[in-house]
S.K.: 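One structure follows; several queries about it will come next.
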Amino acid sequence: QLHPVEAGGGLVQPGGSLRLSCTASGFDLGSYTIAWFRQAPGKEREGVSCISSIAFVTAYADSVQGRFTISRDNAKNTVYLQMNNLKSEDAAVYYCAGRWNPQPTFCTLDVSYYTYWGQGTQVTGSS
């Protein structure tokens, strides 16, 4: 089974930046559609961004459009989420999710689509 592993969370001030990464040893992430989700206390898990396996089709939630950028380096078997101009409402646990996908131009922010989930990395806002 694919076991995504997230890294890069931390404490940020409003307007700051972080880069999250998602890796999975022993698996070719290049064959998987990958998405980032987040969940704040008391809220449902929400889709943040996704990227298709090969054609690098991407999608973003309206709340992060223009501030977050998802990318992948298949040679390094890693997917990144660059988060800029962070806001207090971005504080949450961020999860990497994946699903093997024979359609390289497809990705979705539907939480039910994804098969494999990481343990999450915490992004905490500071005032």
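In what follows, residues are counted from 1 in the order of the sequence shown.
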S.K.: Give the minimum heavy-atom separation between E6 and Q119, together with the two atoms involved.
M.R.: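 Closest approach of E6 to Q119, heavy atoms only: OE1-N, 3.2 Å.
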
S.K.: With the side chain counted from C-beta on, respond yes when C107 and T58 share a heavy-atom pair under 4.5 Å apart, and no when they do not.
M.R.: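 Not in contact.
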
S.K.: Should L109 and I51 be counted in the same cluster of Ile, Leu, Val, Met, Phe, Trp and Tyr side chains packed under 4.5 Å apart?
M.R.: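 No, because L109 and I51 fall into different hydrophobic clusters, even though each may have its own neighbours under 4.5 Å.
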
S.K.: Does anything in residues 67-88 pair up under salt bridge (charged side-chain N to carboxylate O under 4.0 Å, His left out), and if so which pairs, sequence neighbours excluded?
M.R.: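 Counting only pairs at least two positions apart or across chains, the salt bridge (charged side-chain N to carboxylate O under 4.0 Å, His left out) contacts touching residues 67-88 are R67-D90.
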
S.K.: Could you list all the side-chain hydrogen bond (donor to acceptor under 3.5 Å, both in side chains) pairs where at least one residue sits in residues 18-28, not counting sequence neighbours?
M.R.: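 For residues 18-28, and leaving out neighbouring residues, there are no side-chain hydrogen bond (donor to acceptor under 3.5 Å, both in side chains) pairs at all.
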
S.K.: Determine the minimum heavy-atom distance between A35 and C50, stating which atoms define it.
M.R.: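 Result for this residue pair: CB-CB, 3.7 Å.
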
S.K.: Do T69 and Y60 have side chains that get closer than 4.5 Å, going by heavy atoms?
M.R.: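 Touching, per the 4.5 Å side-chain cut-off.
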
S.K.: Locate the shortest heavy-atom distance separating V12 from L18; write the atom from each residue and the value.
M.R.: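 Distance-wise, the nearest heavy atoms are CG1-CG, 3.2 Å.
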
S.K.: Should N101 and S53 be marked as a side chain to side chain donor-acceptor pair (under 3.5 Å) after you check the CA-CA gap, both sets of side-chain angles, and the distance that decides it?
M.R.: CA-CA 7 Å; N101 184 12; S53 58; 5.0 Å; no

S.K.: Looking only at side-chain N and O atoms, does D110 offer a donor or acceptor that is under 3.5 Å from a partner on T108?
M.R.: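 Not at all, the side chains of T108 and D110 share no donor-acceptor pair under 3.5 Å.
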
S.K.: How about W36 and F68: are their ring centroids closer than 6.0 Å?
M.R.: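 Between F68 and W36, which both carry aromatic rings, the centre distance is not below 6.0 Å.
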
S.K.: Would you say the ring centers of Y32 and Y114 fall short of 6.0 Å from each other?
M.R.: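 Ring-ring flag for Y32/Y114: false, centres at least 6.0 Å apart.
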
S.K.: Do the numbers put R99 on top of the ring of Y116, so that NZ or CZ is under 6.0 Å from the six-membered ring centre and no more than 45° off the axis?
M.R.: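 That pair does not qualify as a cation-pi contact.
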
